[in-house]
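Each remark here refers to the structure printed beneath this line.
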Number of protein chains: 2
Amino acid sequence: MYMTLHSNNGSLTASEMTQLSPAALGLIAEFFKVLSEVSRLQIVCSLKSGAKNVSEIIEATELGQANVSKHLRILTQAGIVSREQRGVCVYYEIANPILFELCEMVCDSLSIQITQQSEQLEQLGKLRRA
Amino acid sequence: MYMTLHSNNGSLTASEMTQLSPAALGLIAEFFKVLSEVSRLQIVCSLKSGAKNVSEIIEATELGQANVSKHLRILTQAGIVSREQRGVCVYYEIANPILFELCEMVCDSLSIQITQQSEQLEQLGKLRRA
DNA sequence: TTATTATATAGCTATTTAGTCATAAATTTC
DNA sequence: GAAATTTATGACTAAATAGCTATATAATAA
């Protein structure tokens, strides 16, 4: 029996994850894919300080207009940002703060890796010099 | 001034993330990209119960041999799994357990979204029937 | 209405990459 | 050494997509 994403009232423990169905893995993969583009991470980061309209996002990220528009559509569909029209302008806002936790965890993890690698390189250097 | 990944002894707070450099965002994006493929998530899940050699992974995931080999290379380079040769066989193992936390968080998040969406759809149904 | 501004979208190109097949490389067994 | 087994790699194809330009749509102002 596979585990679906909304079994158990929407909460999955790590041990249950082993049995995630291909469909659930597909949703997870899709979510990660949305976060796997530098441009989209830039946009999200630019919204960290609060809601911005498209023009403001373009200015903050220095990306092209059409490009930003497309990325915002992807982020909205993924439920990561929310969209609100105010007159001519459309304001976007972080809708899913989980994202920053995720990034933080990845940052920490990568930092540790980088630190370990540089330590290993240093050890290697010492061995060479010896 | 941009924040690099290994500033502050490898620990970044959420508030600092706003100022991540494009280079740091690139590393984060790359990490997420590795996790954005169903096949790789399948492989990782198959390793949840412990180390497996390539043949065992192929059996567990039902993916092609060359394909698995390539994915394992990508996962290894990303520091997500580790590689150990024992005779003819090569055993892979989860090296970065952060991954399961990440998946769990995404699962929870997605579950909540799906629940909310289905509730909204239900509300919509009630309105239509009324 | 017309003009202007803000955002979205269609069409296109170039790049990336997952998957497959064939083959190479490495290890063990006979 | 030869054969068999396990894993890795190179070549190729098909599909996905980021970014661009041009254009469409929507809202406001004149």
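Sequence lines set the chain letters: A, B, ... in the order given, protein chains first and strands last, and positions in each chain run from 1.
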- Item | Pairing residues for B/Glu30 by the salt bridge (charged side-chain N to carboxylate O under 4.0 Å, His left out) criterion, not counting sequence neighbours |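 Scan of B/Glu30 (salt bridge (charged side-chain N to carboxylate O under 4.0 Å, His left out), adjacent residues dropped) gives none.
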- Using whole Å, report how far CD of A/Glu84 lies from P of C/dA6.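 So the CD-P distance, A/Glu84 to C/dA6, works out to 18 Å.
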- Item | A/Asn67 CG - C/dA8 C1' separation (whole Å) |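 Whole-Å distance recorded here is 13 Å.
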- Under 4.0 Å between a side-chain N/O of A/Arg73 and OP1 or OP2 of C/dA8, yes or no?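 No, no such contact exists.
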- Task: Compare side-chain N and O positions of B/His71 against OP1 and OP2 of C/dT17 and report whether any pair is under 4.0 Å apart.
- Result: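 It does not, given that no N or O in the side chain of B/His71 lies less than 4.0 Å from OP1 or OP2 of C/dT17.
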- Task: Heavy atoms only: give me the nearest B/Leu72-B/Thr76 pair and the separation to one decimal.
- Result: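 Reported closest heavy-atom pair: O-OG1, 2.5 Å.
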- Can you measure from CE (B/Met105) to CD1 (A/Ile28) and round to the nearest 0.5 angstrom?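 One finds 12.5 Å between CE of B/Met105 and CD1 of A/Ile28.
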- What is the distance from atom CG of B/Leu41 to atom SG of B/Cys103, rounded to the nearest 0.5 Å?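 That separation rounds to 5.5 Å.
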- Assign A/Tyr92 to base, sugar-phosphate, or nothing according to its heavy-atom contacts below 4.0 angstrom with the strands shown.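 Touches sugar-phosphate only.
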- B/Leu75 and side chain to side chain contact (heavy atoms under 4.5 Å, CB included): which partner among B/Leu47, B/Ile80, B/Ile94?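 That would be B/Ile80; it is the only one of B/Leu47, B/Ile80, B/Ile94 passing the side chain to side chain contact (heavy atoms under 4.5 Å, CB included) with B/Leu75.
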- Test side-chain contact (heavy atoms from CB on, under 4.5 Å) on B/Glu37 and A/Lys33 and set out the steps. CA-CA 8 Å; B/Glu37 288 296 322; A/Lys33 180 172 277 174; 3.9 Å; yes
- Please evaluate the base of C/dT17 for a donor-acceptor partner in the side chain of B/Lys70 within a cut-off of under 3.5 Å?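 No such pair is found, so the answer is no.
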- Is B/Lys52 close enough and on-axis enough to B/Tyr91, meaning under 6.0 Å and within 45°, for cation-pi?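 Output no; distance or angle outside limits.
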- Give the B/S/- string for nucleotides 22-30 of chain C, one per nucleotide from 5' to 3', where a protein heavy atom under 4.0 Å of the base yields B, of only the sugar-phosphate yields S, and otherwise -. -----BS--
- For DNA chain C, the residues among residues 53-63 of chain A that have a non-hydrogen atom under 4.0 Å from it: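 Contacts with DNA chain C under 4.0 Å: A/Asn53, A/Val54, A/Ser55.
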- Give the first and the last nucleotide of DNA chain D, reading 5' to 3', that has any atom under 4.0 Å from a heavy atom of chain A.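 From 5' to 3', the first and last contacting nucleotides are D/dT17 to D/dT28.
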- Considering residues at least two apart in sequence or located in another chain, which fulfil the side chain to side chain donor-acceptor pair (under 3.5 Å) criterion with A/Arg83?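 A/Arg83: side chain to side chain donor-acceptor pair (under 3.5 Å) contacts with A/Gln85.
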- Mind checking whether B/Tyr92 and B/Asn53 have side chains closer than 4.5 Å, heavy atoms only?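 No. Closest side-chain heavy atoms not under 4.5 Å.
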- Does A/Leu102 reach the side chain of B/Val106, with side-chain heavy atoms less than 4.5 Å apart?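 Contact flag for A/Leu102/B/Val106 side chains = yes.
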- Using the side-chain hydrogen bond (donor to acceptor under 3.5 Å, both in side chains) rule, collect all pairs that involve residues 59-71 of chain B, keeping only residues at least two apart or in two chains.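 Found B/Arg40-B/His71, B/Asn67-B/His71.
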